[in-house]
Amino acid sequence: MTSEPSLDSLKDTAQRLGFPFQERIDDQQCDSALLSRLPLGFARSRQLLPLRELDGRLLLASGNPTDLLSQDEVSRLYGMPISVLVTAPDELLAAINRLYSRTADTAREVVENLVAEDLSTIATELAHPQDLLDLNDEAPVIRLLNAILFQAVKERASDIHIEPYERTLEVRFRIDGILHKLLEPPKLLQEALVSRVKIMASLNIAEKRLPQDGRFKVLVAGHEVDIRVSIVPTFFGERTVLRLLDRKQGVRSLTEIGFSPRDTGIMERLLARSNGIILVTGPTGSGKTTTLYAAISRLDRQEKNIITIEDPIEYQLSGVGQIQVNARIDLTFAAGLRSVLRQDPDIIMLGEIRDAETAEIAMQASLTGHLVLSTLHTNDAATAITRLIDMGIEPFMVASSLAGILAQRLVRVICPHCREAYQSEQQIPGLPATLYRGRGCDRCFGQGTLGRTGIYELLPVDATLCSMITRRVPSGEIKEYAISRGMRTLRDDGLAKVAAGITTLEEVLRVTQEEYADLPL
């Protein structure tokens with residue numbers, strides 16, 4: 001297998017052949033109308049990208065300037081002589097993926113093109129499993145699903161919802177935590193679309209009465225995307241939800257997910273402990289698993305034996321043993337945790353504490369020299385203590401094992417490309433008169449927000465707090481004590497990010513409604 005030439009070698013080759021060299025491809029250089037004539041597969045395999053017509057010649061970017069045969073083929077295809085511009089192969093491939101992605105049909109365009117076709121015939125044919133298995137890439141249902149997946153990745157959607165109703169079929173994207181309606185495909189394509197998803201996820205396409213879960217991977221414009229599939233039967237047909245995980249993003253650090261310098265310092269001290277439990281709390285979809293991965297990325301994976309029990313495994317971490325929960329064979333969190341304790345672990349990450357049995361084993365593990373990281377569904381940090389006691393864990397065990405509790409929410413970030421200042425009409429304590437918002441632009445698809453960050457409430461457990469837990473002090477008093485010791489609440493952290501122009505006040509209000517009920521708005 002030959003390796004890619006070095007950048008210096010490529011420059012020397014370009015100079016020897018008399019071709020100019022350019023390190024970066026500017027998207028403005030490219031005439032997108034030219035791309036439709038050159039197949040994407042050919043462009044990738046031959047490392048060629050048509051840029052624009054210049055003085056009767058085609059300017060062609062090439063990552064392999066010595067491939068004269070491919071250059072001649074392009075010249076014949078376009079019917080004009082070419083001028084070669086040499087570019088590094090990696091940069092050229094990125095430009096090809098980026099530019100061709102802009103020419104792909106959207107899901108709405110695919111549906112509009114279906115109007116002229118005999119949908120009843122398509123639906124009848126595609127509803128049968130044997131026909132679906134033989135479909136080629138030009139089949140309408142495949143074109144539609146590919147367009148939906150492509151558009152979802154392009155618009156940074158975390159989930160795709162395919163929802164059947166009595167007379168309609170809706171497709172919605174969840175972008176930055178909010179669902180947006182994408183389109184209504186013809187109702188007749190409902191079964192075919194779901195069956196196509198089942199085939200990709202290796203599910204039983206004949207089973208329509210029971211829920212099914214699966215997963216598959218796709219490559220979209222150079223991005224490997226892992227897709228988790230959940231299908232459940234409803235009155236009007238099977239409802240499908242696809243969860244998208246872009247592997248290219250990888251595991252982020254505590255600072256990247258929104259930790260303040262103070263909270264980062266506290267978390268690092270908690271992670272340096274040899275035992276105890278660190279809990280991350282919040283509702284479903286608040287980024288708890290992302291925080292656990294960020295925490296583990298700070299740990300020394302060479303000198304520590306780190307084992308995780310997850311449902312599902314979202315990222316592969318080098319130097320970490322990861323176990324996938326499988327309820328079908330009774331590999332639950334509790335069963336997995338018992339087995340892991342015999343693997344001589346230093347640190348255990350438990351995806352979720354769902355029941356009293358798992359909680360008790362985790363507590364005992366933390367008391368016998370293990371650092372345990374896990375999640376729990378509670379509204380704030382203080383109520384996690386009450387939740388554990390309500391699950392049947394003795395207060396003295398909770399007090400002895402807890403090292404710290406982190407509550408969190410996700411808020412949308414103001415788009416940096418259309419961010420603007422405005423004067424707030426109301427004076428809100430802790431906030432300046434000048435705040436920020438997004439106008440809406442092409443980069444954020446008119447939303448005014450681009451991506452999300454976390455707001456946090458970190459509660460380290462000290463000796464006084466241990467005593468309060470043992471005495472079953474109400475969570476409200478525990479929270480007041482923590483605030484007096486310097487804990488920044490979800491509200492305070494949210495306001496700090498509003499003041500810094502990271503997010504909007506309305507966004508913080510949306511995710512922390514209970515705490516903000518007293519604000520004059």
Side-chain angles (χ1 to χ4, degrees), residues 177 254 257-260 262-264 266-267 270 276-292 294-295 350-354 359 362-363 372-391 393 395 398-399 401-412 428-430 452-462 464-498 503 505-519:
L254 294 174
I257 63 175
F259 268 63
S260 66
R262 177 185 179 276
D263 286 347
T264 299
I266 295 174
M267 180 59 79
L270 293 175
I277 290 184
I278 302 173
L279 286 177
V280 181
T281 75
T284 301
S286 58
K288 300 186 295 296
T289 302
T290 299
T291 300
L292 289 180
L350 193 60
E352 183 181 348
I353 294 179
R354 294 178 177 173
M363 297 285 176
V372 179
L373 288 74
S374 189
T375 71
L376 196 66
H377 287 276
T378 61
N379 289 328
D380 62 13
T383 54
I385 296 168
T386 306
R387 173 81 176 113
L388 290 171
I389 295 174
D390 288 344
M391 291 173 70
I393 309 300
V398 175
S401 58
L402 269 183
I405 307 169
L406 176 75
Q408 68 177 71
R409 300 287 190 279
L410 291 177
V411 294
R412 290 181 290 176
I428 299 173
R452 290 190 290 177
T453 191
I455 56 174
Y456 302 96
E457 179 178 288
L458 182 54
L459 172 59
V461 178
D462 59 17
T464 302
L465 199 52
C466 285
S467 175
M468 295 174 75
I469 295 171
T470 305
R471 291 185 282 110
R472 296 177 181 263
V473 171
S475 59
E477 293 184 27
I478 290 177
K479 187 169 187 175
E480 289 178 4
Y481 167 75
I483 292 173
S484 71
R485 296 285 296 173
M487 182 187 78
R488 188 153 74 175
T489 65
L490 288 168
R491 166 183 174 171
D492 294 334
D493 197 37
L495 288 176
K497 288 181 169 65
V498 171
T503 188
L505 180 60
E506 291 76 16
E507 184 65 12
V508 175
L509 282 168
R510 182 181 66 84
V511 300
T512 58
Q513 294 178 21
E514 296 84 0
E515 294 198 55
Y516 281 87
D518 59 329
L519 282 180

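Keep in mind the model is a prediction, meaning the values are calculated, not measured.
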Measuring only between side-chain heavy atoms, which start at C-beta, is [X] closer than 4.5 Å to [Y]?
X	Y	result
D380	T281	no
L376	L388	yes
V398	I277	no

Next item on the list: Can you sort out the partners of R485 under salt bridge (charged side-chain N to carboxylate O under 4.0 Å, His left out), two or more places apart, ordered by chain and number?
Entry: D462
Next item on the list: Just jot down the salt bridge (charged side-chain N to carboxylate O under 4.0 Å, His left out) partners of R387, sequence neighbours excluded, or say none.
Entry: none
Is the backbone N or O of [Y] less than 3.5 Å from a side-chain atom of [X], with the two atoms forming a donor-acceptor pair by type?
X	Y	value
R262	G486	yes
K497	D492	no
T375	G351	yes
E457	T489	no

Next item on the list: Would you check, one step at a time, whether the test side chain to side chain contact (heavy atoms under 4.5 Å, CB included) holds for V280 with L292?
Entry: CA-CA 8 Å; V280 181; L292 289 180; 3.8 Å; yes
Checklist line | Salt bridge flag under 4.0 Å for residues D263 and R488 | finding: no
Next item on the list: Among residues two or more places apart or on two chains, list those pairs meeting side-chain hydrogen bond (donor to acceptor under 3.5 Å, both in side chains) that have a residue in residues 283-292.
Entry: T291-Q408
Checklist line | side chain to side chain contact (heavy atoms under 4.5 Å, CB included) evaluation trace for E352 with H377 | finding: CA-CA 9 Å; E352 183 181 348; H377 287 276; 3.1 Å; yes
Next item on the list: Measure the OG-CD1 distance between S401 and I278 for me, rounded to the nearest 0.5 Å.
Entry: 12.0 Å
Next item on the list: Would you check, one step at a time, whether the test side chain to side chain contact (heavy atoms under 4.5 Å, CB included) holds for F259 with T453?
Entry: CA-CA 9 Å; F259 268 63; T453 191; over 6 Å; no
Check: Given the rule in the side chain to side chain contact (heavy atoms under 4.5 Å, CB included) test, do V461 and C466 qualify, once you have shown the distances and angles that lead to the verdict?
Finding: CA-CA 7 Å; V461 178; C466 285; 3.7 Å; yes
Next item on the list: Could you point out which residue of L350, L406, L402 forms a side-chain contact (heavy atoms from CB on, under 4.5 Å) with L279?
Entry: L402
